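These figures come from a predicted structure and were not determined experimentally.
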Amino acid sequence: MSDRNALFMFLRDSGDPAADDALLEALASSDEQTTGWAVEALLARGTRRALRGLVERIHLLNESHVKRLLEVSDRLFTVLREATQTRHEQTWLNVLELIRKGELYRASYLLESALHQRSVKVREYACQTLVALTDRLLSRASADVPPEDGESQRDDATLVARIESRLEDRHQLAASLESALAVFEAHRQEDVVRTSMWLADDMGARFWSLLSSPGGRLGRVAIKILGEPLSPRMVPFAMLALGRNVFRQQVADALSSARDPEFIKAWFGQSWRFAQAKVARGMAWVRTPACLTREVFEGTTLDPASQRLFGRWLTATGVAAEAKLRLLHDVCRQGAVAARASALGALLQWEEPGATFLLKRIATDGPEDVRNSARLELARRLPNEYPLDRLVASLLPEGAATGQRTPEVLETHGAQVARFEDYWTIFDSLDRSQRQELGREVLAASSDTALQLRQHLLNSDAVGKVRALCMTRTLDLAGALEEDICRLFKDASPEVRSAVVSALGKVASPASRRILYDALSDDDSRVRANAVEAIDWMGDRSPTGRLLPLLASSNNRERANAVRALLKLGVREAAETLLRMLADEDRTHRVSALWLVENLGLMPLATRVARMAASDIDAQVRARAERLAGRLYPEPADEVPTHEPLPQAAEVVRS
């Protein structure tokens, strides 16, 4: 044993407080081996003076000695508060470094004091420490999984204790982050706002009041963060923020444009929140989720856990009812087993005529694992059409052995959908192709369809009249019912008048033209927009002078329809209006302009669309422009648009 080592052992065992000072002095001016002896001696002594001195001098130690102190960070935890009773900047930085590298979550309350220090460096490092601790805690929490079957109860209890400890750490970090938000002007660290949004579940009312303060900087930072690609950790905040007016639209836009598979998986995984009525109502604002509108969704691409939650997630969104039903039907027929069960579960809880109609289809030609469940639900909803006793008999093995057939009503839905009354009931829940397909069956099965429609046109309320007018368009009966349709143009309801002019677009007669021209000056913008669209359908080239004033309309749909009709006639003013709409301050006009570019196949505007995809201030507009740019600039050489631009429109825009 060397003399120096013997000296350190003597100081280690000495009861004199001066031994602590001697060992601490040795840390600053010793070689690595001597420093190691001094560190071990101070740890062995374990006095508050020795431990506090190690914290104050940790910046003087090399990496190996710092690692040694981190191994016993729980012992140093007891003196951290004492070490912070100083104005010395380096001591504060040492404390923060120890908390960060030692993952001392329970010491995060000291960060609240650090945020009030005069030193800018200390405040910034305190924020960085908070962010690092939260990131590490959430990463560890994701690794906490339930024990596998067969593991001991002791392991299960250990897991529960670890999760409880994690929850306590989360609560402490949430409190510190809340304090950091309260003094945001002192540090201006946007990462603190982002990190606090990760722990939205643990934040209290003060967190939301700070973010939603009128004109506050925190709210603007939160909105800026929502404009960035969302990480899976943002899902809880997004779900809760949908219930608050301040962030609802921004969150809905962010969710609608979300494309990251991991985020979508986490979004599906949070579907249990829809049991809360407030969250479920907020999800109705998500009307065009990118994972559906990009046409990349397939039930088989989701992991099994997400497949089980798909049905609940889809029905909670604000996606149009007909699109929901169509997607649920596709998943029930072609999706994976877990996805089929989830989609069927959503249909079973949906008491709409459209859902009942899809259950009839699934009961007829769906996979076996969902077919019988659909039949049982139909027996509950429609006991007269699906008698339970016959259904049960058809499902029993004995029935097959005795030659009993499955009831005809379970084998075909033709008899039901061919009746006008059924078609009338489910019409609003069908998409365009379904309406046309079933409409042909109705016309083939009944010769008095036009008469029944006329009764609804004359005797129904406003909703019934609109439905009847839509049916006349679908079934091409507007010509036969022209006189009755023209009378309805005097109806007080703008919805009815809008449906009237849409129906008359398929009737090229002097009476219909007169009504369509009169509709261009109607008080309601929807009526005017539909009138322009109907004139365009009719192919009338005479009303150019009547349509030109509509190019200055403040209604985006009316203006877009006028541009579309006049572009086909080669009117230069229409092309100029389209270019102005692409740069309009109103996002609805920019969206309508993108629709026009897509609808008319205006390839010369592809460069402008690409610029919008990169720089538009609205997330939904950027997403739509990006999808359109992908079609206008297809990556593979063989993916050329199948439709050609209209010659006159393209020539005008090119000039």
Q. Just how far is it from atom CG of Asp476 to atom CD of Gln436, taken to the nearest 0.5 Å?
A. 8.5 Å
Q. Are any non-hydrogen side-chain atoms of Leu477 and Leu443 less than 4.5 angstrom apart?
A. yes
Q | Minimum-distance pair of heavy atoms, taken over all atoms of Val251 and Ala238 | A | CG1-O, 3.3 Å
**Q.** Sole candidate of Leu605, Val621, Asp618 that passes side chain to side chain contact (heavy atoms under 4.5 Å, CB included) when paired with Met612
**A.** Val621
Q) Only one of Asp523, Asp522, Asp524 clears side-chain hydrogen bond (donor to acceptor under 3.5 Å, both in side chains) with Arg497; which? A) Asp522
**Q.** Donor-acceptor contact present, side-chain His589 to main-chain Ser554, <3.5 Å
**A.** yes
Q. What are the two closest heavy atoms between Val527 and Ala519, and how far apart are they?
A. CG1-CB, 4.0 Å
Q: Rounded to the nearest 0.5 Å, what's the gap from CZ on Phe427 to CZ on Phe357? Could you check?
A: 12.5 Å
(Q) Test side-chain hydrogen bond (donor to acceptor under 3.5 Å, both in side chains) on Arg248 and Asn245; report intermediate values, then the result. (A) CA-CA 5 Å; Arg248 182 178 291 140; Asn245 294 332; 2.7 Å; yes
Q. Going from OG1 on Thr364 to CG on Leu359, what distance comes out if it is rounded to the nearest 0.5 angstrom?
A. 10.5 Å
Q: Kindly determine whether Asn599 and Arg564 satisfy side-chain hydrogen bond (donor to acceptor under 3.5 Å, both in side chains), including the steps that lead there.
A: CA-CA 9 Å; Asn599 188 268; Arg564 184 175 186 271; 2.7 Å; yes
Q. So, does Arg559 use its side chain to make a donor-acceptor pair with the main chain of Leu551 at under 3.5 Å?
A. yes
**Q.** CZ on Arg467 to CG on Asp461, rounded to 0.5 Å
**A.** 8.5 Å
(Q) Is it true that Gln276 and Arg273 share a donor-acceptor pair across their side chains at a distance under 3.5 Å? (A) no
Q: Quick one: list whatever passes side chain to side chain donor-acceptor pair (under 3.5 Å) with Arg432, sequence neighbours left out.
A: none
**Q.** Any side-chain heavy-atom pair of Gln452 and Trp424 under 4.5 Å
**A.** no
Q: Assess the side chains of Arg435 and Thr474: does a donor N or O sit below 3.5 Å from an acceptor N or O?
A: no
Q. Looking at side-chain heavy atoms only, is the closest gap between Met603 and Val597 below 4.5 Å?
A. no
Q: Could you check if a side-chain atom of Leu255 sits within less than 4.5 angstrom of a side-chain atom of Leu242, using non-hydrogen atoms only?
A: yes
Q: Please name the pair of heavy atoms, one in Ala363 and one in Ala374, separated by the smallest distance, quoted to 0.1 Å.
A: N-CB, 4.0 Å
**Q.** Exercise: identify the closest heavy-atom pair between Ala534 and Leu516
**A.** CB-CD2, 3.8 Å
Q. Is the closest basic N to carboxylate O distance between Arg622 and Glu626 below 4.0 Å?
A. no
Q: Please collect all ring-ring contact (aromatic ring centres under 6.0 Å, His included) contacts where either partner lies in residues 312-348, sequence neighbours excluded, each pair once.
A: Trp267-Trp313, Phe268-Trp313
Q. So, for Leu481 and Leu453, which heavy atoms are closest and what is the spacing to 0.1 Å?
A. CD1-CB, 4.0 Å
Q) Are the side chain of Ser342 and the backbone N or O of Ala338 linked by a donor-acceptor pair below 3.5 Å? A) no
Q | Heavy-atom donor-acceptor pair, Asn459 side chain to Gln455 backbone, under 3.5 Å | A | yes
Q) Between atom OG of Ser498 and atom CG of Asp491, what is the distance when rounded to the nearest 0.5 Å? A) 10.5 Å
Q: Return the set of residues passing side chain to side chain donor-acceptor pair (under 3.5 Å) with Glu368 (not counting sequence neighbours), or none when no residue passes.
A: none
Q: With the side chain counted from C-beta on, respond yes when Ser502 and Leu469 share a heavy-atom pair under 4.5 Å apart, and no when they do not.
A: no
Q | Steps toward salt bridge (Lys or Arg N to Asp or Glu O under 4.0 Å) verdict (Asp484, Arg454) | A | CA-CA 7 Å; Asp484 299 301; Arg454 185 173 186 273; 2.9 Å; yes
Q: For the pair Arg627 and Glu598, find out whether any cationic side-chain nitrogen is under 4.0 Å from an anionic carboxylate oxygen.
A: no
Q: Please tell me if the side chains of Leu596 and Leu602 come closer than 4.5 Å, counting only heavy atoms from C-beta onward.
A: no
Q: Apply side chain to side chain donor-acceptor pair (under 3.5 Å) to Ser512 and list each qualifying residue two or more places apart in sequence or on a separate chain.
A: Ser509
**Q.** Lys/Arg N to Asp/Glu carboxylate O, Glu533 vs Arg473, below 4.0 Å
**A.** no
Q. Looking only at side chains, do Asn555 and Ser553 share a donor and an acceptor under 3.5 Å apart?
A. no
Q. Any donor-acceptor pair under 3.5 Å linking the side chain of Asn561 with the backbone of Ala529?
A. yes
Q: Tell me yes or no: between the side chains of Thr577 and Arg580, is some donor less than 3.5 Å from an acceptor?
A: yes
Q.
Apply side-chain hydrogen bond (donor to acceptor under 3.5 Å, both in side chains) to residues Arg381 and Thr356 and explain how you reach the verdict.
A. CA-CA 8 Å; Arg381 297 188 185 190; Thr356 303; 2.9 Å; yes
(Q) When you compare the side chain of Val563 with that of Leu550, does any pair of heavy atoms fall below 4.5 Å? (A) no
(Q) On a heavy-atom basis, which atom in Leu582 and which in Arg590 lie closest, and how many Å separate them? (A) O-CD, 3.7 Å
**Q.** Side-chain (Asn556) to main-chain (Ser592) donor-acceptor, under 3.5 angstrom
**A.** no
Q) Is the number of heavy atoms from other residues, nucleotides or ligands under 6.0 Å of Glu351 CD greater than 12? A) yes
Q: Tell me, please, which residues at least two apart from Phe274 pass ring pair (Phe, Tyr, Trp, His ring centres under 6.0 Å).
A: none
Q: Would you indicate whether the side-chain heavy atoms of Glu482 and Cys486 approach each other to under 4.5 Å?
A: yes
Q: Mind checking the CG-CG spacing from Leu458 to Leu488? Nearest 0.5 Å is all I need.
A: 7.0 Å
Q. Please walk me through it: do Gln434 and Arg361 pass side-chain contact (heavy atoms from CB on, under 4.5 Å)?
A. CA-CA 12 Å; Gln434 290 172 336; Arg361 285 194 164 186; 4.0 Å; yes
Q. Has the side chain of Asp448 got a donor or acceptor atom that lies under 3.5 Å from a matching backbone atom of Leu451?
A. no
Without placing hydrogens or testing angles, list every side-chain donor-acceptor pair under 3.5 Å for residues 315-328, not counting sequence neighbours.
unit_1 : atom_1 : unit_2 : atom_2 : d
Thr315 : OG1    : Gly311 : O      : 3.0
Thr315 : OG1    : Arg312 : O      : 3.1
Thr317 : OG1    : Leu314 : O      : 2.7
Lys324 : NZ     : Thr315 : O      : 3.0
Lys324 : NZ     : Thr317 : O      : 2.7
Arg326 : NH1    : Asp431 : OD2    : 3.1

